[in-house]
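What follows is a short report on a single structure.
Residues take their numbers from the sequence shown, with the count starting at 1. Just follow the structure's listing: the first ligand is 1, and inside any ligand the first atom is 1.
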Amino acid sequence: MADSSPLYLGFDLSTQQLKGIAVTSDLKVSYEAVVDFDADASGFNIKKGVITNEAEREVYAPVAMWLQAINTVLQRLKDKGIEFSRVMGISGAGQQHGSVYWNQEGEHALSNLNKDKTLESQLDHAFSYPYSPNWQDASTQEQCDLFDRHLGDETQLAMDTGSKAHHRFTGPQILRFRTKHPEEYRKTSRISLVSSFLASIFLGKIAPIDISDVCGMNLWDIQAGTYNEKLLALAAGTADTNDLRSKLGDVPEDAGGNFGTVSPYFVHRFGFTSSCTIVPFTGDNPSTILALPLRPLDAMVSLGTSTTFLMSTPHCKPDPAVHFFNHPTTAGLYMFMLCYKNGGLAREQIRDSLGPQLPGTSDPWSLFNNHVTGTLPMGATSPNSPLRTALYFPRPEIVPNVPAGTYRYIYDPEYKNLSGNTKIWNLPTDDCRAIIESQLLSLRLRSRSIVASPSPNPDNLPAQPRRIYLVGGGSQNPAIAKLAGEILGGVEGVYRLDVGGNACALGSAYKAVWAVERKPGETFEELIGERWREEEFVKKVADGYQEERYKVYEKGVEALEKVEKEVLYKQAVDVGKAGTSGAGQV
Ligand SMILES: Nc1ncnc2c1ncn2[C@@H]1O[C@H](COP(=O)(O)OP(=O)(O)O)[C@@H](O)[C@H]1O
Ligand SMILES: O=C(CO)[C@@H](O)[C@H](O)COP(=O)(O)O
């Protein structure tokens with residue numbers, strides 16, 4: 001007999017791919033499909049999912065490419081045998097901060113789709129601007145300066161909105177869009193985030209922005225739970241903020257609410273039931289923490305195009321170096337996040353500089369991994385020997401905010417000084433361990449304020465996460481997992497979600513299960529915690545805290561902090577000399 005039990009769909013519209021995943025009520029993954037933009041999209045001049053205009057430091061993605069991908073991912077799920085009539089709820093996630101600009105015709109076009117045509121062919125007139133600024137965009141320094149000053153300083157902006165101003169945040173992006181494209185801004189009737197854009201397509205009308213993802217805009221007052229009037233006025237360019245307010249729409253408080261049922265387009269084209277519920281879609285990072293019942297003091301490291309470090313916490317302690325968002329399901333909880341632009345692509349660049357792979361292996365990372373594990377921590381041969389420390393930023397970085405460049409140094413832990421003499425670097429092989437160390441040391445440095453000792457007696461164990469969960473494409477890599485344990489600790493060890501690269505889409509699917517099946521008042525953690533089967537869903541992939549290594553890397557944190565200060569100082573000197581920021585190479 002055909003299986004008619006409910007399924008729940010989760011989507012992840014991230015930088016390089018659109019992923020879809022279907023789970024059952026007991027959280028088992030039944031179907032997965034992916035569309036890789038570079039490999040599968042046709043008609044777009046993109047690389048790694050985006051278009052780059054280096055002259056203006058702009059990075060953006062064509063909205064039509066995402067529409068094309070939605071049809072393709074659903075077709076791929078169908079080809080794998082999914083019966084869409086079983087799907088009771090759909091949620092999803094989008095890369096954070098990106099904005100989509102709808103025109104007046106958009107809403108009408110969305111609710112009048114012809115099932116025999118593609119989304120791309122029918123929605124080409126729905127947007128006032130065909131591109132969405134991507135989170136890697138760095139074109140808004142001027143706007144960020146205005147945002148940081150507008151409430152006093154960057155600390156005050158972080159206190160109110162959860163983050164200081166960042167190039168990619170939607171408020172500064174809207175301000176730049178309005179001044180650079182005034183006519184398109186005037187024609188814009190609604191602005192979506194990538195997450196609410198994707199929800200809108202499935203809903204057949206413009207969906208509200210999500211309560212967690214809204215915190216990635218520098219416009220939402222996280223303490224007050226409303227848009228900040230002064231910041232709206234800055235982005236809108238007028239004290240009358242009604243126009244921008246209506247473009248953005250209301251933000252419902254219940255992240256598990258019901259937006260309505262799926263658009264008839266999907267009922268008639270793919271066979272969804274007309275009662276299938278659309279649940280709020282959130283940001284890709286908030287969605288990732290929903291892929292498991294994350295406890296306070298557990299940390300997730302998402303190794304995608306970006307690297308992010310995520311924790312769920314009851315404390316909101318904003319600081320300009322970090323981000324706080326509303327938790328994606330549970331009022332009163334927050335999500336702590338660190339985000340780096342130079343993650344997967346920076347690692348790939350070093351891997352590719354090594355030349356041909358080892359013979360007889362199909363794993364493109366095997367040679368790179370051999371160099372990672374075959375090299376001493378920071379190149380140190382004895383306790384006081386010099387430490388190789390570097391920053392690898394093929395794109396301008398967010399933390400610290402420095403221009404693109406590779407910055408290699410030697411740190412002397414005894415005299416606590418830095419030298420630019422890189423003679424003891426054996427290149428390119430030493431870069432393999434050094435880039436992983438550098439990325440992980442930065443996480444350790446910046447999460448110090450949020451972690452605590454997992455032991456009742458803090459003298460026994462230094463502050464660190466209880467567990468490290470690795471997710472995203474890079475979570476498949478055993479050498480990275482090993483170093484994550486050595487550098488970040490994690491008394492219970494380093495774990496990988498069984499769906500490694502699909503954690504974000506999985507989190508969305510779990511959110512749909514919770515939203516549709518929850519009893520009154522039942523939290524996400526309660527429902528998912530009850531159905532979660534640890535032994536089936538996660539795998540320990542490396543040891544966590546190791547006392548000796550953890551101590552060695554204490555010096556590593558010191559070294560990294562010095563290198564960052566030095567690079568920032570040199571940048572300030574360069575800016576002073578040239579009047580512009582120059583890229584650095586050491
Ligand atoms: N075995 C591996 N080791 C290291 N990195 C990997 C490995 N497999 C995939 N990746 C990296 O994962 C990244 C893609 O991760 P993914 O989470 O799918 O990205 P995104 O969500 O940003 O589109 C790529 O940049 C790739 O380099
Ligand atoms: O900008 C951020 C978070 O602030 C990025 O994490 C984006 O949300 C996109 O991430 P990928 O999953 O595509 O790497």
Distance flag, aromatic centroids of F202 and F11, threshold under 6.0 Å: yes
So, Q173 and S99: side-chain donor and acceptor under 3.5 Å apart, yes or no? no
Does the cation-pi check pass for R444 over Y553, that is, NZ or CZ under 6.0 Å from the six-membered ring centre and within 45° of its axis? no
Nearest non-hydrogen protein atom, atom 23 (O) of ligand 1: S14 OG, 3.1 Å
T15 contact mode with ligand 2 (heavy-atom cut-off under 4.0 Å): both
Pick from T305, N477, N502, L13: the one approaching atom 22 (O) of ligand 1 most closely through a non-hydrogen atom: T305
Output, in order, the C-alpha distance, side-chain angles, deciding distance and verdict of ring-ring contact (aromatic ring centres under 6.0 Å, His included) for F325 and Y334. CA-CA 6 Å; F325 296 85; Y334 299 91; over 10 Å; no
Looking at atom 9 (C) of ligand 1, what's its closest protein heavy atom, distance included? G473 O, 3.4 Å
With atoms numbered from 1 as shown, which atoms in ligand 2 lie under 4.0 angstrom from a non-hydrogen atom of M337? 3 (C), 4 (O)
Hey, is H97 touching ligand 2 through its side chain, its backbone, both or neither, going by heavy atoms under 4.0 Å? side chain
Centroid separation H166 to H323 less than 6.0 Å: yes
From the options S306, G343, A93, S195, select the one whose nearest heavy atom is closest to atom 5 (C) of ligand 2. S306
Taking the basic N atoms (NZ, or NE/NH1/NH2) and the acidic carboxylate oxygens, is any pair closer than 4.0 Å for D40 and R76? yes
Test of proximity, S14 against ligand 2: N or O pairs below 3.5 Å: no
Is Q95 near ligand 1, meaning one of its heavy atoms is under 4.0 Å from it? no
